[in-house]
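Every number for a ligand or one of its atoms is a count from 1 in the order of the listing. Everything numeric in this text was worked out from a predicted model, so none of it was measured.
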Amino acid sequence: MDYNMLAELLFPHIDKTPADYEKLYPKRELAEGARVTRFAPSPTGFLHIGGLFAALISERIAHQSGGRFILRIEDTDKKREVEGGVEKILDGLLSFGIKIDEGFVDYDVQAGDYGPYKQSERAAIYQCFAKELVKKGMAYPCFCTEDELSAIREQQEAEKLLPGYWGRFARCRGLSFEQIKQNIDAGLPYVLRLRSCGSEDKKVSFKDGIRGKIEMPENIVDVVILKSDGIPTYHFAHVVDDYLMGTTHVIRGDEWISSIPIHLQMFYMLGIKPPKYAHIAPIMKEDEGGKRKISKRKDPEAAVSYYDEEGYPADGVIEYLLNLANYTFEDFRKANKTAHWSEFKLEMNKMSNSGGLFDLVKLNDVCKNKIASYSAEAVYELAAAWAQKYDTELYALLTRDKAFSVAMFNFDRNPDKPRKDIGKWSEVREAFAFMFDELFDGKYEEVPNVSKEDAKAMLIMYKDMYDETADNQTWFASLKDLAEKVGYAREVKEYKKNPDAYPGHVGDVSNVLRAAVTGRTKSPDLCSIMKALGKEKVLERIDRAISALAI
Ligand code: GLU
């Protein structure tokens, strides 16, 4: 058959050749070793934590090599597309500090010389490459109906054969030009299929950046490259896009590994060099003793919006994901306390092929460390920004007196051993409730080992000794004096040496005061809290505790 004639019959409107596009999108001039990667999500409604993970790995690999990171939107499956899908993806990536060089850099804003970066805007490009395959006899139209395809499937199942349109099942492979023309003139719908050049007994192998060498049987199926509406399948769009966009490393979910023989075959048939591949294992979660993928139906933490709603600091989440990618991140963090996460060199070959276990407790821990490393001012800004969105009562309280809130966030924020009590902004309300009368429930938490009578006596005496101008040392010295007055040991050491001689020690005394002022027996530095609250409030709370103890 004259394949050129067939190509013209199928694609009369396509007048460009692949060479024209190669001219339009010239090879990138990159420094030695610079990598071009991309994140290529479908706009199906929300950004999954696994998507953020893949985007982060791709972004790191590009930027730590001086390369480029692209955001491409794969919207060829219109059925799955959700309105606002692109915006959600962008919101997610940008709020976590993922820097995008090319493609969608903002809502409706595409940057870069290799666009358009939305597949639905690239139909003519795919059709041009498809036309080229037809010209070479490497692709053909297939008119089989759904029913015919199901019949093939059933027969293959019954005979326990490889499913798909291949070999003797690939009926439309042998259609003549006349038959094809007749069908087209009759208006029959058709898809375009690759005329696979693979053979059953041959293997294809490639080196995966994460898993190392992988060998698989060659593809023998005549897969669809263009659907009946002329829109490409994922396979074909991937090959054409990553070729023209100059992607050097395709980093994607490992559900695509099984499609590698198809992709490599397409690159081969088009006469172009494939990129390097790395396949990421999905993020897993422990469930009833076993492991399973994080699921968007079962797990709220599957959607990245969850982290924003809960108020996890973005860099804490990113650092946790880097931890999940490379366990060496933890050592890096220990050795470089103040370095930005982007200074860590991510290594793909250190990633696990079985999928990291996602653990919210560990995430919270990482975020606690992160928040502990911020200045009080930064904590204030971030906590207030979160509260403005998600807890307006807290927002009003935090911003009522900025200096007061900053002083509060400064409690125990000493650089050597900062207190680590909050891992996310939604914990601020509970952690600092005692700082605001509106949130403080005024309950006195009884101090173990101290009788009510003793506690009451201590508080009554303390009222007379209270000097709100005293510095931390003088303040603590006064508690020692108070301990002595009520027959408690001045020093913990003293008490430990001779525990039968005292009902308790100065620590118990300070805890009684702590319980009165904060309602709890654990809190940040009490002297700072009392200073921030001010004399009036402190005395009011002491009185309240005294009455509670009288009952
Ligand atoms: N659109 C594909 C997906 O969401 C992209 C896979 C790839 O990165 O090539 O799974």
(message) Run the side-chain hydrogen bond (donor to acceptor under 3.5 Å, both in side chains) test on Asp222 and Ser196 for me, step by step, so that the C-alpha distance in whole Å, both residues' side-chain angles and the decisive distance to 0.1 Å come before the verdict.
(response) CA-CA 5 Å; Asp222 287 357; Ser196 169; 4.7 Å; no
(request) For Tyr277 and Asp242, run side-chain hydrogen bond (donor to acceptor under 3.5 Å, both in side chains): C-alpha distance rounded to whole Å, both residues' side-chain angles, the deciding distance at 0.1 Å, then the answer. (result) CA-CA 11 Å; Tyr277 287 98; Asp242 284 317; over 6 Å; no
(request) Output the list of atoms in ligand 1 that are nearer than 4.0 Å to some heavy atom of Ser42, sorted by atom number. (result) 1 (N), 4 (O)
(request) Using non-hydrogen atoms of the residue, decide whether Phe39 is closer than 4.0 angstrom to ligand 1. (result) no
(message) Would you compute the distance between atom CG of Asp241 and atom CG of Leu244 and round it to the nearest 0.5 angstrom?
(response) 7.0 Å
(request) Would you mind listing which atoms of ligand 1 come within a distance below 4.0 Å of any non-hydrogen atom of Glu74? (result) 1 (N), 2 (C), 5 (C)
(message) If you measure every N or O of Arg252 against every N or O of ligand 1, does any of those distances drop under 3.5 Å?
(response) no
(message) Cation-pi check for Tyr114 against Arg28: NZ or CZ below 6.0 Å from the six-membered ring centre and within 45 degrees of the axis, yes or no?
(response) yes
(message) Go through it in stages, so that I can follow the logic: the residues are Phe344 and Trp341, the test is ring-ring contact (aromatic ring centres under 6.0 Å, His included), and I'd like the CA-CA distance, side-chain angles, deciding distance and then a yes or no.
(response) CA-CA 6 Å; Phe344 173 71; Trp341 52 260; over 10 Å; no
(request) Measure the distance from atom 10 (O) of ligand 1 to every protein heavy atom, then report the residue, atom name and distance (to 0.1 Å) of the closest one. (result) Trp256 NE1, 3.3 Å
(message) Name the residue from Val204, Val223, Ile225 that meets the side-chain contact (heavy atoms from CB on, under 4.5 Å) definition with Ile262.
(response) Val223
(request) Write out the residue and atom name of the closest protein heavy atom to atom 8 (O) of ligand 1, then the distance separating them to 0.1 Å. (result) Arg38 NH1, 2.8 Å
(request) Report yes if some N/O of Ala40 lies less than 3.5 Å from some N/O of ligand 1; otherwise report no. (result) yes
(request) Among all protein heavy atoms, pick the one closest to atom 9 (O) of ligand 1 and tell me residue, atom and distance. (result) Tyr234 OH, 2.4 Å
